[in-house]
Amino acid sequence: MKITGKKLVLFSGIQPSGNLTLGNYIGALKNWVDLQGKYDCLFSLVDLHTITARQDPKEFHQNCYDALAVYLAVGLDPEKNTIFLQSHVPAHSQLAWVLNCYAYVGELNRMTQFKDKSEKNKDNINVGLFTYPVLMAADILIYQTCLVPVGADQKQHVEIARDIALRFNNLYGEVFTVPEVYHPPLGARIMSLQEPTKKMSKSDDDSNATIFLLDTPDVIANKLKRAVTDSGKDIYFDIKNKPGVTNLLTILAAVTNESVDNLVSEMQGQGYGKLKSAVAERLIEFLRPVQVRYKELRNDQTYLDSVLKRCAKRAVELSQPTLKRVYEVLGFVSW
Ligand code: TYM
């Protein structure tokens, strides 16, 4: 693995809790692919976060490999980046415990994702769900991360990681790098196809609301045909007044790498039906090679395991200096 050691560190992760969505791609994965090479990147499959919701153990196990194969199929290079399962690197959990003692109940109570998730899962509001942002802070801070590319829904969590880092540094000196959040200029919040004022989400009850990266072309075309659009018939970019059309334009721009302005002038006067079929066509075209690569990779368990093993080793090594320093400044006795 070729890493110069001079580049700044970038860290991000996705929960391997089922099929990854187009939102995960446009809000996160696409930007990781663009940023790899410019940073020393760690891309994690954050399996410890995933168990904050109940998982079927067999499915969960498979989902981890599925998500790894998607990471690689979209173009993340395991020779140049550290791609690993969070549970393979004990320092994440070790640092999370320490940081729990520097995070306040009051600030965790303000996390909108905790409020939303507790509202949706009233029978399982577990402590892990509450301290979830602290584990996320540990993921980021353990590697002295500078940049965290995520979708808009994770902004609050990166901010709390910054707050915890600053608080700790004020008490003990410059132990942690204070990370910056990175959002894509377009597509930091891909919306539900059925309710375009709501985020596209893996766990939406309405199966037409979300496009999964492994959906077949027919399924994608159908979901887009049914996508909710706005009143009127003009095509232009306006989040407030045209949320449905704006979402479709955003998706189209992301998968074609064309500017919204160009797409708007191309689609002008063509009507919503044509816009939907253009999005379907270009998205299917974009996903076709990704799905072919995915199938090849997913069938090669030996290769996937070798990537996990090699990268976990590197992540464990990278995590040690920060953990050591944290224990030292706190006065723990070394052995
Ligand atoms: P998760 O698994 O919910 O989502 C993974 C990434 O996908 C982005 N995303 C979206 N972006 C745009 N539009 C959408 N509709 C959409 N849906 C999801 C998310 O913003 C995220 O970037 N807590 C994190 C995982 C995590 C993490 C970390 C991230 C754990 N530790 C450290 C960065 C750094 C999560 O649950 O993401």
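We count residues from 1, following the sequence as given. For ligands, and for the atoms within them, numbers begin at 1 and follow the listed sequence.
- Residue Ile140 has no nitrogen or oxygen atom sitting less than 3.5 Å from a nitrogen or oxygen atom of ligand 1, judged on distance alone.
- Between Tyr102 and Phe168, the ring planes lie perpendicular to each other; the angle is over 60°, past the 30° to 60° tilted range.
- Taking every heavy atom of Val148 and a limit of under 4.0 angstrom, the matching atoms of ligand 1 come to 33 (C), 34 (C).
- Looking at Val158 against ligand 1, nothing comes within 4.0 Å, counting heavy atoms.
- Rounding to the nearest 0.5 Å places CZ of Arg110 at 11.0 Å from CD of Glu159.
- Nearest protein heavy-atom contact of atom 12 (C) of ligand 1 is Ala188 O, 3.2 Å.
- With Asp204 as reference, Lys198 is the one residue of Lys198, Glu195, Gln194 to meet the side-chain contact (heavy atoms from CB on, under 4.5 Å) rule.
- Among protein heavy atoms, atom 19 (C) of ligand 1 sits closest to Asp153 OD1, 3.3 Å.
- Checking Lys202, Met136, Lys199, Arg189 against atom 28 (C) of ligand 1, the nearest heavy atom belongs to Met136.
- Residue contacts with ligand 1, taken as heavy atom pairs separated by less than 4.0 Å, involve Val46 solely via side-chain atoms from C-beta onward.
- Heavy-atom proximity to Ala28, at under 4.0 Å, picks out these atoms of ligand 1: 6 (C), 7 (O), 22 (O).
- Between the side chains of Asn81 and Tyr39, no donor N or O sits under 3.5 Å from an acceptor N or O.
- In terms of polar-atom proximity, Gln154 is counted as a contact of ligand 1, with an N or O under 3.5 Å from an N or O of the ligand.
- By the 4.0 Å N-to-carboxylate-O rule, Asp40 lies close enough to Arg314 to be salt-bridged with it.
- Ring-plane geometry between His92 and Phe11 is classed as tilted, the angle between the planes lying from 30 to 60 degrees on a 0 to 90 degree scale.
- Considering only non-hydrogen protein atoms, atom 23 (N) of ligand 1 sits nearest to Tyr132 OH, 2.7 Å.
- In terms of protein heavy-atom proximity, atom 17 (N) of ligand 1 is nearest to Met200 O, 3.8 Å.
- Put simply, part of Gly187 is less than 4.0 Å from ligand 1, judged by heavy atoms.
- By the criterion of a heavy-atom distance under 4.0 Å, both the backbone and the side chain of Ile190 are placed next to ligand 1.
- The nearest heavy-atom contact from the protein to atom 1 (P) of ligand 1 is Gln15 N, 4.3 Å.
- Of all the heavy atoms of Val150, the ones lying under 4.0 Å from any atom of ligand 1 are found in both the backbone and the side chain.
- Taking atom 18 (C) of ligand 1 as the reference point, the nearest protein heavy-atom neighbour is Asn24 ND2, 3.3 Å.
- At under 3.5 Å, not a single nitrogen or oxygen of Met191, backbone or side chain, sits near a nitrogen or oxygen of ligand 1.
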